[in-house]
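First up is the structure itself, then whatever we jot down about it.
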Protein chains: 2
Amino acid sequence: MRINRVFEALSHPVRRQILTLLKAGPMSAGELAEHFDLTKPTLSVHFNKLREAELVAIERRGTSLIYHLNMSILEEALGGLLGTRDQTP
Amino acid sequence: MRINRVFEALSHPVRRQILTLLKAGPMSAGELAEHFDLTKPTLSVHFNKLREAELVAIERRGTSLIYHLNMSILEEALGGLLGTRDQTP
DNA sequence: ACTCTAATTAGATATTTTTCTAAATATGAA
DNA sequence: TTCATATTTAGAAAAATATCTAATTAGAGT
């Protein structure tokens, strides 16, 4: 896990909102995009950052790409910072 | 708590390392600066972002400013995203 | 093969963030 | 008051990020 990518990904409110939406269950790029006042290409860039951080995984179904939340990475990253273990890079 | 400021503050590796250093106990700005290959003004900017996010508190002792970790804000912010805030055993 | 839908990548621009040097502020001691 | 130490603030340049429009890729159905 690249801890730096995870926290960088979490730093934007849109990306945190995407994760929150995905807590309810997997969703396609288009469905996610409906929740924001941004163009699809812009959202696509946000999806990509979340994917690089492994905070989401992708599954293709037909022409749609379904995004799934990867809760374990979130737990690892945040728990690592909260814990007493030395996290110095 | 401005959740956005907290995650923005956590997005930079230097600032996360500052928090990690402060886990061991309060430290002055100068002592913290010794751990980095950056100028003091640059570190000062990082301290300020952590302070605005209320992730650290400041106490003055003589000419030194002592930084303290504010663990509760960290727990609130990260716990809020994990959705584990209300799990009291 | 052609067309439609879903989504991404490319390229450009605007905004934000990081970092530095130089100058300023605050405190304590001589 | 003057000096020294610790740290911050100001201003500017460099680097990174976010956003848009236009073009491209991928799959499904006709």
Side-chain angles (χ1 to χ4, degrees), chain A residues 2-22 25-70 77 81 88-89, chain B residues 2-22 25-70 77 81:
Chain A
R2 311 311 316 271
I3 191 90
N4 205 40
R5 283 194 179 173
V6 175
F7 277 102
E8 171 61 35
L10 292 174
S11 72
H12 198 286
V14 164
R15 290 192 293 264
R16 287 198 306 278
Q17 180 69 28
I18 290 168
L19 296 181
T20 299
L21 288 166
L22 291 178
M27 219 181 284
S28 72
E31 286 173 319
L32 284 167
E34 285 172 13
H35 291 80
F36 298 92
D37 195 21
L38 295 167
T39 65
K40 283 183 177 187
T42 295
L43 265 298
S44 197
V45 172
H46 286 305
F47 297 152
N48 208 43
K49 283 179 191 288
L50 289 169
R51 192 183 51 70
E52 282 174 7
E54 297 176 87
L55 284 165
V56 301
I58 306 183
E59 165 208 2
R60 180 177 276 282
R61 277 179 45 176
T63 58
S64 293
L65 293 180
I66 312 295
Y67 284 85
H68 299 251
L69 177 60
N70 184 356
L81 193 62
T88 307
Chain B
R2 314 312 306 267
I3 191 89
N4 206 40
R5 282 193 180 176
V6 176
F7 277 101
E8 179 62 34
L10 292 174
S11 72
H12 197 285
V14 164
R15 290 191 293 264
R16 287 198 307 278
Q17 190 170 350
I18 290 168
L19 295 181
T20 298
L21 288 166
L22 291 179
M27 219 180 287
S28 73
E31 286 173 317
L32 284 167
E34 286 172 13
H35 290 81
F36 298 92
D37 196 21
L38 295 168
T39 65
K40 283 182 178 188
T42 294
L43 265 297
S44 197
V45 171
H46 286 303
F47 297 153
N48 209 42
K49 283 178 190 288
L50 289 169
R51 193 183 51 71
E52 283 173 6
E54 297 177 88
L55 284 164
V56 301
I58 307 183
E59 165 208 2
R60 181 178 275 284
R61 277 179 48 175
T63 57
S64 293
L65 294 179
I66 312 296
Y67 284 86
H68 299 250
L69 177 60
N70 184 355
L81 193 60

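Computed from a predicted structure; not experimentally measured. Below, chains carry the letters A, B, ... as their sequence lines are ordered, and counting in each starts from 1.
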Requested in this report: Scan residues 38-47 of chain A for pairs that pass side-chain hydrogen bond (donor to acceptor under 3.5 Å, both in side chains), counting only residues two or more places apart or in two chains.
Outcome: R15(A)-H46(A), T39(A)-T42(A)
Query raised in the report: Should N70(A) and L50(A) count as side-chain neighbours, where that means a heavy-atom distance under 4.5 Å?
Result: no
Report task. Could you check if a side-chain atom of L10(A) sits within less than 4.5 angstrom of a side-chain atom of L10(B), using non-hydrogen atoms only? Result -> no
Query raised in the report: Out of curiosity, I18(A) CD1 to L69(A) CG, how far, rounded to the nearest 0.5 Å?
Result: 11.5 Å
Report task. To the nearest 0.5 angstrom, please state how far the CD atom of Q17(A) sits from the NE2 atom of H12(A). Result -> 12.0 Å
So what does [X] touch, heavy atoms closer than 4.0 Å: a base, only the sugar-phosphate, or nothing?
{"X": "S64(B)", "answer": "sugar-phosphate"}
{"X": "Y67(B)", "answer": "sugar-phosphate"}
{"X": "E31(B)", "answer": "nothing"}

Report summary line: Rounded to 10°, the angle between the first-five-pair and last-five-pair axes of the helix from dA1(C)-dT30(D) to dA30(C)-dT1(D) is 20°
Whole Å only: how far is the [atom1] atom of [X] from the [atom2] atom of [N]?
{"X": "H46(B)", "N": "dT8(D)", "atom1": "NE2", "atom2": "C1'", "answer": "15 Å"}
{"X": "L43(B)", "N": "dC20(C)", "atom1": "CG", "atom2": "C1'", "answer": "13 Å"}
{"X": "E59(A)", "N": "dG27(D)", "atom1": "CD", "atom2": "C1'", "answer": "15 Å"}
{"X": "L65(B)", "N": "dT8(D)", "atom1": "CG", "atom2": "C1'", "answer": "8 Å"}
{"X": "L10(A)", "N": "dA18(D)", "atom1": "CG", "atom2": "P", "answer": "12 Å"}
{"X": "M27(B)", "N": "dT7(D)", "atom1": "CE", "atom2": "P", "answer": "12 Å"}

Requested in this report: Mind running a 4.0 Å heavy-atom check of residues 11-21 of chain A against DNA chain D and sending the residues that fall below it, in number order?
Outcome: H12(A), R15(A)
Expected list for residues 58-66 of chain B: side-chain donor-acceptor pairs under 3.5 angstrom, two or more places apart:
| residue | atom | partner | partner atom | Å |
| --- | --- | --- | --- | --- |
| E59(B) | OE1 | H68(B) | NE2 | 2.6 |
| R60(B) | NH1 | G62(B) | O | 3.1 |

Distance-only donor-acceptor pairs under 3.5 Å for side chains of residues 25-34 of chain A, two or more places apart:
| residue | atom | partner | partner atom | Å |
| --- | --- | --- | --- | --- |
| S28(A) | OG | E31(A) | N | 3.1 |
| S28(A) | OG | E31(A) | OE1 | 3.3 |
| E31(A) | OE1 | S28(A) | N | 3.0 |

Report task. May I ask you to list the residues of residues 47-56 of chain A, by number, that have any heavy atom positioned under 4.0 Å from an atom of DNA chain C? Result -> F47(A)
Query raised in the report: Under the side chain to side chain donor-acceptor pair (under 3.5 Å) test, which residues partner R2(A), sequence neighbours left out?
Result: none
Report summary line: Here the pair of heavy atoms bringing A77(A) nearest to V6(A) is CB-CG1, 3.5 Å
Identify all pairs in which a protein N or O lies below 3.5 Å from an N or O of nucleotides 20-24 of chain D, and state each distance.
| residue | atom | partner | partner atom | Å |
| --- | --- | --- | --- | --- |
| dC20(D) | OP2 | T39(A) | N | 3.2 |
| dC20(D) | OP2 | T39(A) | OG1 | 3.1 |
| dC20(D) | OP2 | T42(A) | OG1 | 2.7 |

Query raised in the report: Partners of P13(A) by side-chain contact (heavy atoms from CB on, under 4.5 Å), sequence neighbours excluded?
Result: R16(A), N4(B)
Nucleotide N/O to protein N/O under 3.5 Å, stretch nucleotides 26-30 of chain C:
none

**Report entry** Residue list, ring-ring contact (aromatic ring centres under 6.0 Å, His included) with F47(B), at least two apart or on another chain
**Finding:** Y67(B)
